[in-house]
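Proteins get letters first, then strands, A, B, ... in listed order; numbering begins at 1 in each.
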Protein chains: 2
Amino acid sequence: MEQLIQHLKHFHQLSEALQHNLERYFTKVVLPKNELLITEGSVCRQLYFLETGCLRGFYNLDGKEITHWLGFENDFVTSFHSFITQQPAVENIQLMEGCVLWAISKETLGGLFEEYNEVERLVRIAYEKYYIRLEERFVNSQFRTATERYEHLLQRAPHVVERVPLGYVASYLGISQETLSRIRGRL
Amino acid sequence: MEQLIQHLKHFHQLSEALQHNLERYFTKVVLPKNELLITEGSVCRQLYFLETGCLRGFYNLDGKEITHWLGFENDFVTSFHSFITQQPAVENIQLMEGCVLWAISKETLGGLFEEYNEVERLVRIAYEKYYIRLEERFVNSQFRTATERYEHLLQRAPHVVERVPLGYVASYLGISQETLSRIRGRL
DNA sequence: CAGATCTTTTGACAAGGATCAAAATCCGTC
DNA sequence: GACGGATTTTGATCCTTGTCAAAAGATCTG
């Protein structure tokens with residue numbers, strides 16, 4: 001919980017009141033490796049904060065699993081599309097390690113928006129940062145070669161390669177596992 | 001101005017007060033075709049609403065212009081990275097037609113956040129929608145073939161192909177102009 | 001430690017798309 | 001209507017990456 005509070009403060013300061021009440025709103029969730037946090041077809045009603053562990057988002061395309069997202073400590077986790085629109089998720093989120101998460105429901109979060117307008121601001125700022133991050137990833141994915149993307153990942157987030165199976169990393173980078181293996185061999 | 005108000009109402013209702021004062025905060029900008037709204041290296045201090053016309057965002061990569069974004073009526077326009085962080089933009093935004101825009105500065109917008117907390121909410125909701133949209137585009141770009149991406153564009157936004165030169169559309173889809181021309185010939 | 005299973009590497013081949021070059025169209029302007 | 005420039009198409013070739021298949025390494029479990 002302390003870790004979540006510290007992380008939220010990176011976005012915006014928290015009032016004393018909110019800080020002290022925060023544990024009422026979040027629920028601790030501990031799950032083992034391989035568990036599915038979110039499954040395709042179900043509506044995602046919770047937003048999670050990942051305290052420890054790592055996980056991946058994937059969906060099925062023509063019978064293949066596409067890993068489109070990887071999450072680590074201090075990431076917010078949800079199927080954003082489903083959480084925001086309350087339509088069924090098109091993706092699954094699976095734990096790659098045992099994880100400790102803190103969950104808050106959409107309703108509770110909505111209540112916080114009403115009660116503390118610093119939360120509205122905090123979330124707005126969080127979206128700004130997440131948006132920029134996604135934009136950068138998009139540009140890299142579309143306009144860089146496979147080798148460049150892997151080198152960029154190594155440079156920006158070397159822990160990913162150490163903690164995530166090669167096949168998932170390859171899919172995340174939008175290349176086949178074999179190609180990634182060959183790129184690694186060459187470097 | 002009426003169009004901007006209507007568009008904002010799609011995200012969240014506006015108080016009477018805000019609605020009536022809105023023109024004080026936005027400045028009308030009319031620019032001719034080919035003009036650069038934002039240039040690489042300069043800090044972007046304005047957010048624009050595009051009332052009529054269309055434009056493109058592009059940046060230089062190894063001497064080539066990469067068009068990574070296209071904007072049309074009712075889009076918000078800025079270099080988000082630069083506007084949010086107030087660092088120099090890495091991209092240019094150029095008008096593909098004569099345009100009517102409404103500009104608001106970062107400072108003025110910040111003032112609105114303080115004065116009307118419905119604005120904070122509205123912007124938060126706008127980010128949610130923009131985030132989902134970008135996510136979808138990202139997934140399509142990384143995991144679909146060139147032909148699929150073009151068909152998807154034709155289906156979702158046929159006006160793009162009619163108003164935007166082929167070379168820009170190709171770049172936007174992440175393929176070469178020649179390949180796009182061949183795809184069109186085949187369909 | 002052996003067997004089973006999962007993950008990574010290697011090899012051969014095919015396909016999609018890029019690049020370079022040239023021809024064909026389209027368009028605005030004098 | 002003719003010229004010049006921009007835009008789009010077509011052709012030939014090459015390169016990167018995907019796919020399929022198999023081997024080699026890891027890892028887990030009893």
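Here the P atom of nucleotide D:dT8 and the CD atom of B:Glu162 are 13 Å apart, to the nearest Å. Taking atom OH of residue A:Tyr168 and atom C1' of nucleotide C:dT8, one finds them 14 Å apart after rounding to whole Å. What separates CZ of B:Arg184 from C1' of D:dT10 is a distance of 14 Å, to the nearest Å. In this structure, CG of A:Leu61 is placed 15 Å from C1' of D:dT19, rounded to the nearest angstrom.
Of the residues in residues 169-183 of chain B, those placing a heavy atom less than 4.0 Å from an atom of DNA chain D are B:Gln177, B:Glu178, B:Ser181, B:Arg182, in numerical order. Annotation: proximity of residues 143-160 of chain A to DNA chain D (heavy atom, distance under 4.0 Å) is found for A:Thr145, A:Ala146, numbered in ascending order.
Within 4.0 Å of B:Gly167, counting heavy atoms only, lie sugar-phosphate atoms of the nucleic acid but no base atom.
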Pick out the pairs of N or O atoms, protein on one side and nucleotides 24-29 of chain C on the other, that lie under 3.5 Å.
none

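Of the charged side-chain nitrogens involved, none lies within less than 4.0 Å of a carboxylate oxygen, so that B:Glu97 and B:Lys33 do not count as a salt-bridged pair.
Between A:Phe72 and A:His159, the distance from one ring center to the other falls under 6.0 angstrom. Ring centers of B:Tyr131 and A:Phe80: under 6.0 Å apart, within the cut-off.
Put simply, A:Lys64 has a side-chain N or O that comes within less than 4.0 Å of OP1 or OP2 on D:dT19.
In this structure, the separation between CG on B:Asp75 and OH on B:Tyr130 is 4.5 Å, given to the nearest 0.5 Å.
Of all non-hydrogen atoms in A:Ser82 and A:Pro88, the two that sit nearest each other are OG-C, 4.1 Å.
Relative ring orientation between B:Tyr25 and B:Tyr116 is described as perpendicular, the plane-to-plane angle rising above 60° on a 0-90° scale split at 30° and 60°. The aromatic rings of B:His68 and B:Tyr59 sit tilted relative to each other, their planes meeting at an angle between 30° and 60°.
Side-chain atoms of A:Glu136 do not come within 3.5 Å of backbone N or O of A:Arg133 as any donor-acceptor pair. A donor-acceptor pair is defined here as one N or O able to donate and one able to accept, closer than 3.5 Å; no such pair exists between the side chain of B:Ser141 and the backbone of A:Gln142. Between the A:Gln177 side chain and the A:Ala170 main chain, no donor and acceptor come within less than 3.5 Å of each other.
Heavy atoms of other residues, nucleotides or ligands lying less than 6.0 angstrom from CD of A:Glu23 number 12 at most.
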